[in-house]
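Accompanying notes for the structure given below.
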Protein chains: 2
Amino acid sequence: MSSIKQVAALLQTIGQESRLQILLAIGEGETCVCHLEAMLGLRQATLSQHLMALREAGLLEARRQGRFIHYRLNDPRLLAILRQAADVQGVPLPELSPSPDCNCPNCSKEKGPGNNSSRCEVRS
Amino acid sequence: MSSIKQVAALLQTIGQESRLQILLAIGEGETCVCHLEAMLGLRQATLSQHLMALREAGLLEARRQGRFIHYRLNDPRLLAILRQAADVQGVPLPELSPSPDCNCPNCSKEKGPGNNSSRCEVRS
DNA sequence: ATAATATATTCATTATGGCGAATATGTCAT
DNA sequence: ATGACATATTCGCCATAATGAATATATTAT
């Protein structure tokens with residue numbers, strides 16, 4: 001595949017609202033799918049499809065941890081591209097760090113009463 | 001429109017082989033449509049449509065010079081994005097400078113015999 | 001005014017991609 | 001083994017975008 005085709009493929013893969021949100025939400029860290037689902041308000045199947053596309057494009061890596069699967073960026077330079085693009089458009093790039101206070105219903109650590117499971121936590 | 005939407009729109013607009021070729025061919029300079037047509041082997045109508053899309057996305061500026069229309073990038077940072085993307089993909093970004101030896105049939109300066117018109121030149 | 005040329009625009013067709021619904025797979029708890 | 005849960009996969013539908021053909025517009029030359 002010509003190099004131009006490859007560049008086009010990359011840009012096309014990330015040139016979509018949901019995918020951008022996913023990438024920004026993952027950021028430099030590692031994020032499990034349930035976080036993303038809660039954060040972005042995407043349906044599970046839809047989200048999974050996008051994750052698959054990003055995986056197949058070589059942009060994401062998946063790591064299984066029990067029932068949970070954690071995704072991380074394969075290359076932090078991807079974020080640089082997004083910043084550049086936002087720069088050209090003259091808009092601020094929202095910071096979507098999911099880890100701090102994710103309201104994923106499965107991950108309510110130190111949240112509302114009666115909920116205690118440490119699911120969605122990385123447990124070695 | 002949300003900033004993410006805008007970034008997505010930008011990436012989507014340039015995430016296509018023909019558009020990338022156009023942007024690379026124009027580069028830092030200014031290029032007339034006939035050059036592009038010859039260089040990229042795109043049909044005139046197709047090319048014009050892509051140029052329109054890029055114009056509407058605010059990425060290109062057009063300047064009329066007699067019958068000829070010259071396009072230039074509105075923001076050189078676009079090229080930086082392309083370089084970054086190529087970088088992430090680990091491929092070289094081809095340099096497509098059209099000006100030096102464009103083989104556009106209308107612009108054959110110091111080319112084959114019997115052809116002399118300086119068409120496609122910027123004549124003030 | 002007419003013809004020739006450079007580029008743009010319109011329209012119909014086709015391909016591509018995202019989405020929703022349904023289902024499958026893999027892991028843990030019992 | 002069974003059930004519950006997290007995630008993945010498949011499939012059909014629809015919207016969007018790219019393509020091709022035809023035509024229009026603008027500019028220069030005659």
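Numbered from 1 within each chain, the chains take letters A, B, ... in sequence-line order. What you see is a predicted model, and the numbers here were worked out from it, not measured in a lab.
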(request) Keeping the roles fixed (side chain from Ser3(A), backbone from Pro92(B)), state whether a donor-acceptor pair exists under 3.5 Å. (result) yes

(message) If I take atom CG from residue Leu10(B) and atom CG from residue Leu11(A), how far apart are they, to the nearest 0.5 angstrom?
(response) 8.5 Å

(message) Do Glu30(A) and Arg63(A) make a side-chain contact, defined as non-hydrogen atoms from C-beta onward lying under 4.5 Å apart?
(response) yes

(request) Output the residues of residues 7-16 of chain A in contact with DNA chain D, where contact means a heavy atom of the residue under 4.0 Å from an atom of the strand; sort by number or write none. (result) none

(message) Could you check whether any side-chain heavy atom of Gln21(B) comes within less than 4.5 Å of a side-chain heavy atom of Ile4(A), counting everything from C-beta outward?
(response) yes

(request) Calculate the interatomic distance between Tyr71(A) atom OH and dA6(D) atom P; express it in whole Å. (result) 15 Å

(request) Grab the CZ-C1' distance between Arg67(A) and dA29(C) for me, whole Å please. (result) 7 Å

(message) The side chain of Arg64(B) is closest to which nucleotide in this list: dT7(D), dA26(D), dA18(D)?
(response) dA26(D)

(message) Distance check needed: dG26(C) P versus Ile69(A) CD1, whole Å only.
(response) 11 Å

(request) Identify, residue by residue, the members of residues 41-57 of chain A with a heavy atom below 4.0 Å from DNA chain C, and return them in order of residue number, or none. (result) Arg43(A), Ala45(A), Thr46(A), Gln49(A), His50(A)

(request) Please state how far atom CD in Glu17(A) lies from atom C1' in dA15(D), giving the value in whole angstrom units. (result) 16 Å

(message) Show me the pairs that pass salt bridge (Lys or Arg N to Asp or Glu O under 4.0 Å) and involve residues 3-18 of chain A, at least two apart or across chains.
(response) Lys5(A)-Glu17(B), Glu17(A)-Lys5(B)

(message) By the side-chain hydrogen bond (donor to acceptor under 3.5 Å, both in side chains) test, which pairs, at least two apart or in different chains, include something from residues 53-62 of chain B?
(response) Arg55(B)-Tyr71(B), Glu61(B)-Asn74(B)

Atom pairs and distances, side-chain donor-acceptor, residues 44-53 of chain A, under 3.5 Å, sequence neighbours left out:
unit_1   : atom_1 : unit_2   : atom_2 : d
His50(A) : ND1    : Arg19(A) : NE     : 2.9

(request) Mind jotting down which residue pairs meet the salt bridge (Lys or Arg N to Asp or Glu O under 4.0 Å) criterion with at least one end in residues 79-92 of chain A? Sequence neighbours excluded, please. (result) Asp87(A)-Arg77(B)

(message) Expressed as a whole number of angstroms, how long is the span from Ile22(B):CD1 to dA8(C):P?
(response) 11 Å

(request) Rounded to the nearest 0.5 Å, what's the gap from CD1 on Ile81(B) to CD1 on Ile81(A)? Could you check? (result) 8.0 Å

(message) Nearest whole Å is fine: how far is dG26(C) C1' from Gln65(A) CD?
(response) 15 Å

(request) Provide, to the nearest angstrom, the distance between the CD atom belonging to Glu37(A) and the P atom belonging to dC5(D). (result) 14 Å

(request) Using atom CZ of Arg63(A) as one end and atom P of dT27(C) as the other, report the distance to the nearest whole Å. (result) 14 Å

